[in-house]
Amino acid sequence: METAYKQNLNMSETLMNRINELLSRYPEDKKKSALLPVLHEVQDAHDNWLSIELMDKVAEILSIKPIEVYEVVSFYSMYNRSPQGKYMFEFCKTSPCCLRGVEDLMDYTCEKLGVEVGETTADGLFTVKGVECLGACGYAPMMQLGDFYKEHLTKEKIDQLIDDCKNDKIILLDK
Amino acid sequence: MSKKILLDKINVPGIKSYEVYRQNGGYASVEKAINDMGADNVVEEVKKSGLRGRGGAGFPAGLKWSFIDKKSGKPRHLVCNADESEPGTFKDRYLMEYIPHLLIEGMITSSFALGAHLSYIYIRGEYMWVYKILERAIAEAKAAGWLGKNILGSGYDLELYVHCGAGAYICGEETALLESLEGKRGNPRIKPPFPAVSGLWQNPTVVNNVETIASVPWIINNSGDDYAKIGIGRSTGTKLISASGHIKKPGVYEIELGVSVYEFMNSDEYCGGMIDDRPLKALVPGGSSVPIIPHNLIYKTAAGEDRLMSYESLSDGGFETGSMLGSGGFIVYNDTACIVRNTWNFARFYHHESCGQCSPCREGTGWLEKVLNRIENGYGREEDIDLLWDIQRKIEGNTICPLGDAAAWPVAAAIRHFRDEFEYHVRFPEKVKNRAHFVDEPFEKVRHLLQKQTV
């Protein structure tokens with residue numbers, strides 16, 4: 001199988017150490033259990049997406065069939081199978097957030113960045129997405145950005161976030 | 001102030017850290033359980049407490065523990081369900097983020113009671129920073145000797161790990177969670193066998209919600225009887241409520257079960273009343289899957305009694321006039337909220353989250369979403385309301401896991417209590433086309449149009 005997009009694989013020592021640590025959490029004959037956490041780590045180390053080649057690599061490390069990785073990656077919404085913007089604004093669009101105006105904020109963000117929901121800006125910096133309930137209904141409207149939540153959002157906070165992203169001031173991963 | 005047993009120390013500076021948690025009496029339940037009580041007595045105390053599963057189903061926790069298969073001699077596991085994904089619910093995250101050691105202490109005491117030597121906390125992947133908080137807290141607990149080999153010199157061994165999901169509501173269903181923990185798609189299993197007999201890797205397993213496990217230390221430190229004295233009737237103890245929507249003070253609150261819905265909604269200790277003092281229109285008291293109830297059934301039951309925050313009172317009247325406590329996801333709607341749009345929004349959620357195994361759910365949730373979407377956007381047909389009723393009825397009870405019911409109930413309740421709003425959408429499509437987003441004109445202002453004979 002071949003991927004429509006190309007990805008350079010970089011299974012660094014740090015990444016492999018972390019993978020081995022995750023594998024150690026499960027019994028010797030149940031290493032497949034580590035699949036979800038391992039995929040998160042691998043995706044984080046590869047610009048937030050997983051090519052077929054990368055999934056095959058994960059299958060090899062866990063000694064499972066490639067299909068066992070593909071079927072999992074396609075089931076869970078947090079794994080991306082194509083390149084994404086560096087900063088992925090994932091707005092929660094489930095009802096409690098809508099009650100506090102998230103749809104207006106998404107419109108505002110899209111207009112400001114010149115994209116539709118689901119699209120990435122031409123410079124590859126931003127992707128805007130609408131996702132289902134993120135479990136922050138009391139702090140609505142909100143979005144997920146990398147490993148963190150940005151809550152009680154307003155237009156002003158969106159402006160600030162976009163500026164901070166452009167100026168490389170945002171921490172995406174909690175490592 | 002009502003009694004707090006989960007959040008009583010939440011404001012102690014530094015309570016996130018092991019040292020401060022320990023200085024404030026943390027891990028005492030592990031010492032008491034292992035040194036003084038023994039496993040069977042711990043189970044007995046939890047049974048006596050009347051503690052019910054806090055994930056939503058409300059099944060008695062002690063009873064669930066007593067089902068675990070000890071005869072087969074297979075390894076046993078305790079798995080904590082931290083996959084909190086029910087719309088309206090965000091309480092478990094609060095506990096794990098601000099007092100992580102409470103959950104870890106509960107996991108150790110509970111694992112000891114069940115004779116489990118390998119336990120997991122399954123947390124949703126979106127809570128990645130909380131996953132890291134738990135990882136660090138587990139490392140602290142292990143360094144202090146509460147995990148690993150020969151805990152407190154008793155010969156009891158326990159390894160505890162945190163495991164993350166990757167964005168699938170269905171993994172909150174316990175058998176789907178176990179599939180996911182085995183590195184597979186989150187497809188629920190057919191029961192029986194129940195996890196207590198054949199769970200994680202076919203071993204006997206108990207799956208409990210975060211809040212359930214976090215209640216165990218208090219029960220062991222005090223007693224099951226003391227816990228049972230809190231609350232009302234069979235709704236013993238305290239409950240975390242996630243309050244959201246059109247209220248002044250959204251957030252997580254610990255209540256004694258049995259406080260009145262009126263007090264919870266209006267007192268300054270809790271929600272603080274409606275935002276901008278607008279009229280209350282509807283309430284979803286227990287997460288998106290429980291029936292929505294209209295304003296006249298919120299503070300009083302159909303029988304005219306005060307509605308209380310308890311398993312029994314919230315379900316008083318059945319689905320005709322009541323709802324459920326569920327996960328405690330308390331979503332409040334004022335008069336500007338469009339019930340049709342809300343119902344469509346929830347239907348879209350369930351369609352997105354259906355795992356696809358059972359046809360009534362895979363296809364039915366899609367049909368619900370499609371039909372609701374066209375009604376909401378001014379393209380509905382007269383017969384669509386009855387069609388929706390028919391679809392939801394054919395999903396309910398016809399799937400192997402409760403996601404089908406969870407998708408059907410909100411639709412049924414919305415039609416039952418707010419049918420006129422659906423009719424308005426169908427009969428006056430030009431008025432609902434191209435409306436602003438969620439918040440729109442109060443329905444009360446246009447209700448009179450329905451009295452007219454012609455469109």
Side-chain angles (χ1 to χ4, degrees), chain A residues 21-22 24-27 29-41 43-44 62 64 68-69 71-79 90 92-107 131-140 144 146-149 152 173-175, chain B residues 75 84-90 92-93 118 120 124-129 131-132 159 161-169 171 180-187 200-201 242-246 250-252 284 288 329 331-334 337 341-342 345-346 348-349 352-353 355 436-439:
Chain A
E21 190 214 324
L22 290 171
S24 74
R25 298 179 181 183
Y26 308 90
D29 57 338
K30 311 288 184 208
K31 294 303 180 197
K32 184 180 172 178
S33 277
L35 181 54
L36 271 68
V38 165
L39 282 170
H40 275 294
E41 292 293 338
Q43 178 170 269
D44 285 349
L62 266 65
I64 56 178
E68 294 176 85
V69 182
E71 66 174 6
V72 159
V73 168
S74 62
F75 185 85
Y76 295 92
S77 65
M78 291 182 76
Y79 301 128
E90 295 182 280
C92 171
K93 56 170 183 168
T94 310
S95 204
C97 272
C98 294
L99 293 174
R100 303 305 283 250
V102 76
E103 290 157 306
D104 289 333
L105 271 186
M106 287 173 74
D107 287 352
V131 299
E132 299 296 351
C133 191
L134 289 171
C137 320
Y139 324 114
Q144 185 177 358
D147 287 350
F148 299 98
Y149 282 6
H152 297 293
L173 300 175
D174 185 6
K175 297 286 178 198
Chain B
E84 179 167 72
S85 312
E86 174 83 3
T89 317
F90 45 97
D92 295 337
R93 166 192 157 191
L118 179 57
Y120 293 93
R124 66 180 297 181
E126 291 91 340
Y127 288 175
M128 191 50 78
W129 81 101
Y131 170 82
K132 296 292 164 70
E159 292 299 339
Y161 298 108
V162 57
H163 176 103
C164 60
Y169 167 76
C171 293
S180 184
L181 187 45
E182 292 180 6
K184 302 182 224 159
R185 295 165 76 98
N187 289 346
L200 181 61
W201 307 311
S242 321
S244 67
H246 292 137
V252 176
V284 171
S288 61
I331 314 169
V332 180
Y333 301 81
N334 72 17
R341 192 169 181 84
N342 180 66
N345 190 294
F346 285 160
R348 187 197 64 208
F349 175 86
H352 184 264
E353 301 299 341
C355 82
H437 287 312
F438 214 92
V439 178

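Sequence lines set the chain letters: A, B, ... in the order given, protein chains first and strands last, and positions in each chain run from 1.
Options A:Glu68, A:Glu132, A:Gln144 differ in how many heavy-atom pairs under 4.5 Å they form with chain B, and the most are formed by A:Glu132. Taking chain A as the reference chain and counting heavy-atom pairs below 4.5 Å, the highest number among B:His163, B:Arg348, B:Glu86, B:Arg124 is found for B:Arg348. Chain A forms the most heavy-atom pairs under 4.5 Å with one residue out of B:Gly186, B:Cys355, B:Ser288, B:Gly245, and that residue is B:Gly186. When the candidates B:Leu181, B:Val252, B:Asp92, B:Ile331 are compared by the number of heavy-atom contacts under 4.5 Å with chain A, B:Leu181 comes out ahead. Of all the listed residues (B:Pro75, B:Ser242, B:Ser244), the one sharing the greatest number of non-hydrogen pairs under 4.5 Å with chain A is B:Ser244. Listed options A:Ser77, A:Ala34, A:Ser74 were ranked by heavy-atom pairs under 4.5 angstrom with chain B; first place goes to A:Ser77. Of all the listed residues (B:Ala243, B:Cys164, B:Cys171, B:Ala168), the one sharing the greatest number of non-hydrogen pairs under 4.5 Å with chain A is B:Cys164. When each of B:Gly329, B:Gly183, B:Gly88, B:Gly251 is checked for heavy-atom pairs under 4.5 Å with chain A, B:Gly183 comes out on top.
The heavy-atom pair separating A:Leu134 from B:Tyr127 by the smallest distance is O-CE2, 3.4 Å. Residues B:Ala337 and A:Leu99 come closest through the heavy atom pair CB-CD2, 4.1 Å. Shown here for B:Pro250 and A:Gly138, the closest heavy-atom pair between the two residues is CB-O, 3.3 Å.
Looking at A:Lys32 and B:Lys184, their side chains come closer than 4.5 Å, going by heavy atoms from C-beta outward. Contact of the B:Arg341 side chain with the A:Cys98 side chain is not registered, since no non-hydrogen atoms from C-beta on lie closer than 4.5 Å. The closest side-chain heavy-atom distance from B:Tyr131 to A:Asp174 is not below 4.5 Å.
Using a distance-only test at 3.5 Å, with no hydrogens or angles considered, no donor-acceptor pair links the side chain of A:Ser95 to the main chain of B:Asn342. Listed for the B:Arg185 side chain is a donor-acceptor partner under 3.5 Å among the backbone atoms of A:Glu71. In this structure, the side chain of A:Asp147 does not engage the main chain of B:Met128 through any donor-acceptor pair within 3.5 Å. The main-chain N or O of A:Pro96 is never found under 3.5 Å from a side-chain atom of B:Asn345 such that the two would form a donor-acceptor pair. A:His40 contributes a side-chain N or O that, together with a main-chain N or O of B:Gly165, makes up a donor-acceptor pair within less than 3.5 Å.
Side-chain atoms of A:Tyr76 and B:Ser180 include a donor-acceptor pair closer than 3.5 Å.
Proximity to chain A involves both the backbone and the side chain of B:Glu126, based on heavy atoms less than 4.5 angstrom apart. For A:Asp107, the part lying near chain B is the side chain, with the backbone staying farther off; criterion is any non-hydrogen pair under 4.5 Å. Contact annotation for B:Phe346: only side-chain heavy atoms (C-beta onward) come within less than 4.5 Å of a heavy atom of chain A. Using a 4.5 Å cut-off between heavy atoms, A:Lys31 does not touch chain B at all. Using a 4.5 Å cut-off between heavy atoms, A:Ala140 does not touch chain B at all. Contacts of B:Leu118 with chain A are made by side-chain atoms alone, with heavy-atom separations under 4.5 Å and no backbone atom involved. In this structure, chain A has no heavy atom under 4.5 Å from any part of B:Val284. In this structure, chain B has no heavy atom under 4.5 Å from any part of A:Ile64.
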- Query: Does the pair B:Glu182 and A:Lys30 meet the rule for a side-chain contact (heavy atoms from CB on, under 4.5 Å), with working shown?
  - Reply: CA-CA 8 Å; B:Glu182 292 180 6; A:Lys30 311 288 184 208; over 6 Å; no
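Taking the six-membered ring where tryptophan is involved, the planes of A:Tyr26 and B:Tyr120 are essentially parallel, since the angle between them stays under 30° and well short of 60°.
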